Amino acid sequence: MDREVKKLKEEIEREREKGVAAMVACYQGFDPAAYLQYNYMPPRADFDRQDSIVPWKLGCLHRAFTEGDVGGEVLVDVGSGPTLYQVLSACEVFDTVFLTDFLEVNRQELRRWLQGEGKGYSSLDWTPYLQHVCKLEGRSPSAWTEKAARLRSVVSDILPIDVHLPRPLPLDSQLPTAGADCLVSCFCLESVSPDLASFTRALGHIRGLLRPGGHLLLIGALGESYYMGGPGVRIPVVPLDEAQVCASVRASGYTLVRLEVYTLPQGMKVGVDDVTGVFFVKARKP
């Protein structure tokens, strides 16, 4: 019987590895510039519309970082992709921020903005995002240059990451031994996992990057089975519902603090995915 159980576990592990390898293959054609155009321009990033998806996400993150219980020295953004919006509020709270992504093309995109001067160094103009978050913080939109400088000053490194490994970050990363004080992860885990079990397992893996008492801020897609990562690049996604998200968070050893849900209006359905909603989770590692 033990031999049969062992054989079954080995078969399951082989299937899991095949699924992860298939996901990696899907990302070979990922185009950061196209992805940014698909998802981070109007109507999805229309700061004059109250039902626009990007302002909703920025509002969730702003509230989380200004409630007073999320803080410390070090924040890790898990699976940054080619985006920066997810750390615009965080950079005022944390003095050290690590950006991470599996793909070198995304890490290059982030480096271009962080090291850039003038215009044309980034595939997306992040100025409207910086201005919007300044307004959320009660500051003048003209303070966006100060916020940009602050973000550039606190980003310590841009690291490769693999959430399917028990140790997702390189061993020589400068993450404190005790772990980060906060993790942020937006549209990463469900987009790189072949199934719900892998999504839950990845949540458990990144939990190891977090110190006891630290917080996880998680944003992701609901009801999405695919998104376009570039022209002709169709990437599968684990279709999640609210109950599955909450169950996976708890099963991975976090204490769920809050779940918020955004339902996509028709005007946000622009043909680059089949997402029906977005979730925001605030959780804590006991």
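Residue indices begin at 1 and follow the sequence shown. Please read these numbers as outputs of a predicted model, since none were measured by experiment.
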Exercise. Which residues pass the salt bridge (charged side-chain N to carboxylate O under 4.0 Å, His left out) test with Glu190, sequence neighbours left out?
Worked result: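 For Glu190 there are no salt bridge (charged side-chain N to carboxylate O under 4.0 Å, His left out) partners, ignoring immediate neighbours.
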Side chain [X], main chain [Y], donor-acceptor under 3.5 Å:
X: Thr96; Y: Ser156; result: no
X: His62; Y: Leu136; result: yes
X: Asp46; Y: Pro42; result: no
X: Thr100; Y: Gly79; result: yes
X: Ser185; Y: Leu218; result: no
X: Ser140; Y: Ser142; result: yes
X: Ser52; Y: Arg44; result: yes
X: Glu92; Y: Ser89; result: no
X: Asp181; Y: Val74; result: yes
X: Arg284; Y: Val257; result: no

Side-chain heavy atoms nearer than 4.5 Å, only ILVMFWY residues, links allowed to pass through others: does that put [X] and [Y] together?
X: Val278; Y: Met228; answer: no
X: Tyr40; Y: Tyr38; answer: no
X: Leu264; Y: Val272; answer: no
X: Val270; Y: Val275; answer: no
X: Val163; Y: Phe187; answer: yes

For this session: Assess whether side chain to side chain contact (heavy atoms under 4.5 Å, CB included) is satisfied between Arg201 and Ser198, documenting all intermediate values.
Result: CA-CA 5 Å; Arg201 190 179 297 110; Ser198 295; 3.7 Å; yes
For this session: Give a yes/no verdict on a cation-pi contact between Arg152 and Trp113, requiring under 6.0 Å between NZ or CZ and the six-membered ring centre and an angle within 45° of the axis.
Result: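 Positive - Arg152 is close enough to the ring of Trp113 and near enough to its axis.
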Problem set entry | Inter-residue atom distance Phe279.CZ - Glu242.CD, 0.5 Å rounding | 10.5 Å
For this session: State the OG-CD1 distance between Ser173 and Ile161, to the nearest 0.5 angstrom.
Result: 9.0 Å
Give me the atom names and distance for the closest heavy-atom approach of [X] to [Y].
X: Lys285; Y: Arg207; value: NZ-O, 3.2 Å
X: Ser252; Y: Leu203; value: OG-CB, 3.3 Å
X: Gln244; Y: Pro239; value: OE1-O, 3.5 Å

For this session: Show your working on side chain to side chain contact (heavy atoms under 4.5 Å, CB included) between Tyr262 and Leu222 and close with a plain yes or no.
Result: CA-CA 9 Å; Tyr262 166 94; Leu222 292 169; over 6 Å; no
For this session: Check whether any side-chain heavy atom of Val154 lies under 4.5 Å from a side-chain heavy atom of Phe94, and answer yes or no.
Result: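 They are not in contact (no side-chain heavy atoms under 4.5 Å apart), so the answer is no.
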Exercise. So, do Cys186 and Thr83 sit near enough that their side-chain heavy atoms are less than 4.5 Å apart?
Worked result: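 No, their side chains stay 4.5 Å or more apart.
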For this session: Evaluate the criterion side chain to side chain contact (heavy atoms under 4.5 Å, CB included) for residue pair Gln174 and Phe98; output intermediate values, then yes/no.
Result: CA-CA 9 Å; Gln174 298 302 305; Phe98 291 95; 4.1 Å; yes
For this session: Verify whether the ring centers belonging to Tyr27 and Phe102 lie closer than 6.0 Å.
Result: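 No, ring centres 6.0 Å or more apart.
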